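These numbers were taken from a predicted model, which means no experiment stands behind them. The sequence lines fix the lettering, A, B, ..., with proteins before strands; numbering per chain opens at 1.
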Amino acid sequence: MARFILGRLIGGIVILWLVSVLAFVLFFVIPKALGNNPAVLFAGRSPDPATIAGVTKKLGLDRSYVDQYWDFLRGVFVGRHFDSGSDRSWCPAPCLGYSFRNDQPVWSQIVDALPVTASLSFGAAALFLVIGVSTGVFSAVRRGGLFDRIAAAVSLAGVSLPVYFTGLLLLLLVSYKWHIIDNVHYVNFTHNPALWAWNLIPAWLVLSLLYTANYQRLTRASMIETLGEDYVRTARAKGLPERTVIGKHALRPALTPIVTIFGLDLGVLFGGAILTEHTFGFRGLGAISIDAVNTQDLPVTMGVTLFAAFFIILANVLVDVTYAIIDPRVRPS
Amino acid sequence: MTGPAPTGTPFLQVRDLTVSFRTDDGVVHAVDKLSFSVERGRTLGIVGESGSGKSVTSLAIMGLHRRGRRVGIDGEIRLDGEDLVTAAAERVRGLRGRRMAMIFQDPLSSMHPQFTVGEQIVEAYRVHNRVSRATARRRATELLELVGIPEPARRLDDYPHQFSGGMRQRAMIAMAVSCNPELLIADEPTTALDVTVQAQILDLMRELQKEFNSAIIIITHDLGVVAEISDDILVMYAGQAMEHGPVEEVFAHAEHPYTWGLLQSITRLDRQLETTLRTIPGSPPSLINVPPGCPFHPRCTYRELAGPAASTVRPPLTETSPGHRVACHLPVEQRRRLLREEVTPTL
Ligand SMILES: Nc1ncnc2c1ncn2[C@@H]1O[C@H](COP(=O)(O)OP(=O)(O)OP(=O)(O)O)[C@@H](O)[C@H]1O
Ligand code: SF4
Ligand SMILES: [Mg+2]
């Protein structure tokens, strides 16, 4: 098992490295090949010639690609200086780039936004996982019953209503009409846990509605399949109570595909729930990405991309490991 | 064929059992007015072609059909006198695995792939016995030893996929007998196994029966298995009993044309190779539209001899010699003559 985990970790690191090469090619090599000066792109919107010259120097764009990539990679582990001779900025490890526009390392922006994104995505994930799976199980057990039919209808609404619609509607009701939460905004967990949760509830609900519907349907389909398996009949033949038959013998194998999807969803959510953040005015990774695109702050775009890639890959590794824990057949003997 | 003589108090008594399924295509009459009984220490073999209702019968006894609008169960299933058809579901659950247990055909798909063999046996034992995990584990080791698995303490922590087919079926049997059930139902327990392993599993079941004095029902396509292990045989066709009686009697003096067909289709190793295997012409009927009268009549070579009743009146199961019952319109003497003159020479 330890070797299996180690193998997956090494695989993950290799992929991460490939992603970094790809990002480098995408942001530095291709623009140049297309006749654009990367310095102009990296300097931010409409820079003056002096800034461009400074950025060229700082990024070392006159040097070979190998040297440039090496500087970038070193920066991730030990930090790096961006030095134009007249101006010198320090970007500590992990240096994912430097926003010349904001005169700030990209990492510090990510660090500021991370608690917001983490709160939003973990909270919503816990919610949609628990609600989605439990209602899915219930639907599967009482297939065709009243609950199942209502759940199917709600589910359909859940997947088809866009977040900016449900989000704004909820905001309108909660904040402007009923005044339950005035002026929804992000409160730091360390500052006041109760207010933190209170302000996040509407966003959690909106974000999880979309996913709950998916998880409900996925769990239902998966459970219907396992409930028909021979080993579930064996569990009943042993005289096990129905809750053990369903909650243990049928649910456990049904969770396998759900774990996979959950890992991927969590990775993607960590890249920023752009629409939800925007609707509620939270400054998470999604908001940072949008701003970076709007202000053409390419270093930030690149940094957030790499960071999101890191999370998606990490989530994949965790999925593989969880998979092996749940299902002994994929475990190496 | 080693069981004690009938004592008149059967442990399991099935009377007029009827099981039907409501489907989109119509009502499936899977089991129709079936009656039989099994005593402690004796083995009943149930045979019949695919779809004749053997599995449906055993699942009905175990209470494993989901009760509801789609499944209809009528008649009586008495376990030690108590009727299971009318008993509360929770009551039947308490009997399952404790007083009656079941072994399924394919041990690979019937054991849970994600729990160790030990966990699965421990669980079966602990549902019905208030003991600690450690005690149950000791019991599981004993059970694996009992069913002939080498190094039982170590194999306990293996997953089913790490066992061979024969070992898995042994483990499955260990799980089934963990609470010393008085009735053991085996639904084609050896079909998925190769011949030598089949013989070992049958030996094992025989030994366990001696040890626990349990009543056994063994369901099979293989008349050889029945001859080897059963005391009585029940021949089913289209959810109905065609012939029922002591094994020696039925094998020596079969009286039902369907049983003749089954006997004629056995592969005999001692027979010359040029003799072609005989099979019963035609195929089993749809259980949605069971033929009226004798359900076997569309495929029966002798239906003309029985006259028009064959396709209009259902022949009752009638005793023709002690314990031997047959459902056929032909007069007894005629059946015995046909067996002697036409059937026996082809066997
Ligand atoms: N849940 C169900 N719903 C509808 N029909 C069913 C159901 N279970 C069994 N049947 C039907 O009942 C009939 C008898 O099935 P059963 O499984 O008892 O046959 P069998 O004698 O065990 O055959 P085999 O030798 O192939 O195992 C079949 O026609 C089958 O299709
Ligand atoms: S009753 Fe008639 S049709 Fe049925 S088995 Fe006997 S002879 Fe054949
Ligand atoms: Mg069957």
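The list of salt bridge (Lys or Arg N to Asp or Glu O under 4.0 Å) pairs with a residue in residues 142-163 of chain A, not counting sequence neighbours, reads A:Asp148-A:Arg220.
Within the model, atoms OH of A:Tyr231 and CD of B:Gln120 stand 10.5 Å from one another, a figure rounded to the nearest 0.5 Å. With values rounded to the nearest 0.5 angstrom, B:Cys179 atom SG is found 10.0 Å from A:Lys238 atom NZ.
Side-chain contact between A:Asp230 and B:Gln105 is absent, with no heavy-atom pair separated by less than 4.5 Å.
Of all non-hydrogen atoms in A:Pro328 and B:Pro113, the two that sit nearest each other are CG-O, 3.2 Å. When all heavy atoms are compared, the tightest approach of B:Ser110 to A:Thr234 is O-OG1, 2.6 Å.
The environment of A:Phe147 atom CZ is dense: over 12 non-hydrogen atoms of other residues, nucleotides or ligands sit within 6.0 angstrom. The environment of CZ in A:Phe138 is sparse: at most 12 heavy-atom neighbours from other residues, nucleotides or ligands sit within 6.0 Å.
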Item to check | Full working for salt bridge (Lys or Arg N to Asp or Glu O under 4.0 Å) between A:Glu242 and B:Arg66 | outcome: CA-CA 12 Å; A:Glu242 201 56 20; B:Arg66 322 223 66 198; 3.3 Å; yes
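Of residues 125-147 of chain B, those residues lying under 4.5 Å from chain A by any heavy-atom pair are B:Val127, B:His128. Of all residues spanning residues 71-96 of chain B, those with a heavy atom less than 4.5 Å away from chain A's heavy atoms are B:Arg93, B:Arg96, arranged by number.
Neither the backbone nor the side chain of B:Ala101 comes within less than 4.5 Å of any heavy atom of chain A.
When the candidates A:Val232, A:Asp327, A:Thr244, A:Leu240 are compared by the number of heavy-atom contacts under 4.5 Å with chain B, A:Leu240 comes out ahead.
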Give the table of side-chain donor-acceptor pairs shorter than 3.5 Å for residues 248-256 of chain A, with sequence neighbours excluded, one pair per line with atom names and distance.
residue: A:Lys248; atom: NZ; partner: B:Glu123; partner atom: OE2; Å: 2.9
residue: A:His249; atom: NE2; partner: B:Glu123; partner atom: OE1; Å: 2.9
residue: A:His249; atom: NE2; partner: B:Glu123; partner atom: OE2; Å: 2.9
residue: A:Arg252; atom: NH2; partner: A:Ile326; partner atom: O; Å: 3.1
residue: A:Thr256; atom: OG1; partner: A:Pro253; partner atom: O; Å: 3.1

